[in-house]
> 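Below you will find the structure I want to go over with you.
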Amino acid sequence: EMLGRLQGSASGVTRLRVGSVATLSRNYQENWIRPLLADPSVVLTLESGLLEGLITRLVQHQLDVVLANESVPSDSERPLHCQFLGSQSISLVGPAGVWQSRSLRIPEDLEGMEVALPGPR
């Protein structure tokens with residue numbers, strides 16, 4: 001029984017170890033794990049990191065699943081399966097005085113505009 005508790009499988013408890021790439025939207029992660037947080041029979045471990053490191057931990061059975069924003073190729077050394085879970089809409093926010101009376105054409109209307117974007121991985 002003690003070994004079962006340490007592994008998270010005793011008394012109807014399910015242990016789920018989730019890895020998530022650091023560049024994945026925090027809101028998307030929270031929406032995906034929200035049902036798990038509400039389930040008292042699930043003990044959830046969530047860790048963030050670089051995709052390659054998380055995949056290595058998955059292959060070594062140190063993680064149960066990895067949330068990523070890109071697919072990972074499978075081969076004989078890493079027999080993996082990627083499943084598309086969905087996408088998340090985004091918004092481009094700017095000054096109302098500039099955009100209030102027009103519709104945005106991307107990329108034409110962004111030329112010469114200052115835009116903050118996430119940096120490289």
Side-chain angles (χ1 to χ4, degrees):
E1 182 178 335
M2 182 175 284
L3 184 57
R5 284 187 186 276
L6 292 173
Q7 294 173 340
S9 60
S11 305
V13 172
T14 301
R15 181 175 177 214
L16 182 61
R17 301 165 301 176
V18 177
S20 181
V21 294
T23 57
L24 190 63
S25 159
R26 178 75 65 205
N27 289 336
Y28 187 83
Q29 293 177 50
E30 289 174 1
N31 289 334
W32 193 82
I33 66 171
R34 184 171 288 119
L36 301 170
L37 295 173
D39 187 341
S41 68
V42 174
V43 174
L44 177 68
T45 303
L46 178 63
E47 65 179 76
S48 180
L50 299 175
L51 181 59
E52 198 55 43
L54 295 172
I55 295 300
T56 298
R57 292 178 45 75
L58 178 68
V59 170
Q60 295 172 345
H61 305 285
Q62 296 171 358
L63 292 173
D64 298 308
V65 67
V66 172
L67 294 174
N69 49 7
E70 61 185 275
S71 61
V72 177
S74 180
D75 57 41
S76 60
E77 306 236 345
R78 296 186 336 181
L80 303 170
H81 174 77
C82 295
Q83 178 68 44
F84 178 75
L85 298 178
S87 59
Q88 183 176 356
S89 57
I90 62 168
S91 296
L92 186 61
V93 180
V98 175
W99 302 109
Q100 193 167 16
S101 62
R102 13 184 322 206
S103 50
L104 178 64
R105 296 170 303 144
I106 296 178
E108 296 87 2
D109 290 340
L110 296 178
E111 187 168 334
M113 300 292 290
E114 292 184 10
V115 178
L117 299 171
R121 295 181 195 185

> Who passes side chain to side chain donor-acceptor pair (under 3.5 Å) against Gln60, sequence neighbours left out?
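Counting only residues at least two positions away or on another chain, Gln60 forms a side chain to side chain donor-acceptor pair (under 3.5 Å) with Gln62.
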> Restricting to side-chain contact (heavy atoms from CB on, under 4.5 Å), what partner residues turn up for Leu110, sequence neighbours left out?
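Expected list: Leu92, Leu104, Ile106.
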> Which atoms form the tightest heavy-atom contact between Pro79 and Ser74, and what is the distance?
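Looks like CA-OG, 3.5 Å.
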> Just grab all the salt bridge (charged side-chain N to carboxylate O under 4.0 Å, His left out) pairs involving residues 18-40, residues at least two apart or on different chains.
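Not a single pair qualifies under salt bridge (charged side-chain N to carboxylate O under 4.0 Å, His left out).
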> Closest heavy-atom contact between Val72 and Cys82?
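Closest pair (atom of Val72, atom of Cys82, distance): N-SG, 3.2 Å.
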> With sequence neighbours excluded, tell me which residues meet side-chain contact (heavy atoms from CB on, under 4.5 Å) with Gln83.
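Scan of Gln83 (side-chain contact (heavy atoms from CB on, under 4.5 Å), adjacent residues dropped) gives His81, Leu85.
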> Got a sec, which residues hit side-chain contact (heavy atoms from CB on, under 4.5 Å) with Val59, two or more places apart in sequence or on another chain?
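Testing Val59 for side-chain contact (heavy atoms from CB on, under 4.5 Å), a comparison that skips the adjacent residues, returns Ile55, Arg78, Leu80.
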> Nearest 0.5 Å please: distance from the OG1 atom of Thr14 over to the CG atom of Leu44.
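If we round to the nearest 0.5 Å, Thr14:OG1 and Leu44:CG are 11.5 Å apart.
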> Only one of Leu51, Leu67, Val66 forms a side-chain contact (heavy atoms from CB on, under 4.5 Å) with Leu24, so which one is it?
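Single side-chain contact (heavy atoms from CB on, under 4.5 Å) partner of Leu24 among Leu51, Leu67, Val66: Leu67.
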> Among residues at least two apart in sequence or on other chains, which ones pass side chain to side chain donor-acceptor pair (under 3.5 Å) with Asp64?
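In terms of side chain to side chain donor-acceptor pair (under 3.5 Å), with neighbours along the sequence ignored, Asp64 is linked to Arg17.
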> Just so I know, are the side chains of Trp32 and Val18 near enough to count as touching, which here means a heavy-atom distance under 4.5 Å?
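Of all side-chain heavy-atom pairs linking Val18 with Trp32, at least one is under 4.5 Å.
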> Would you compute the distance between atom CG of Asn27 and atom CG of Asn31 and round it to the nearest 0.5 angstrom?
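Rounded to the nearest 0.5 Å, the CG-CG separation comes out at 6.5 Å.
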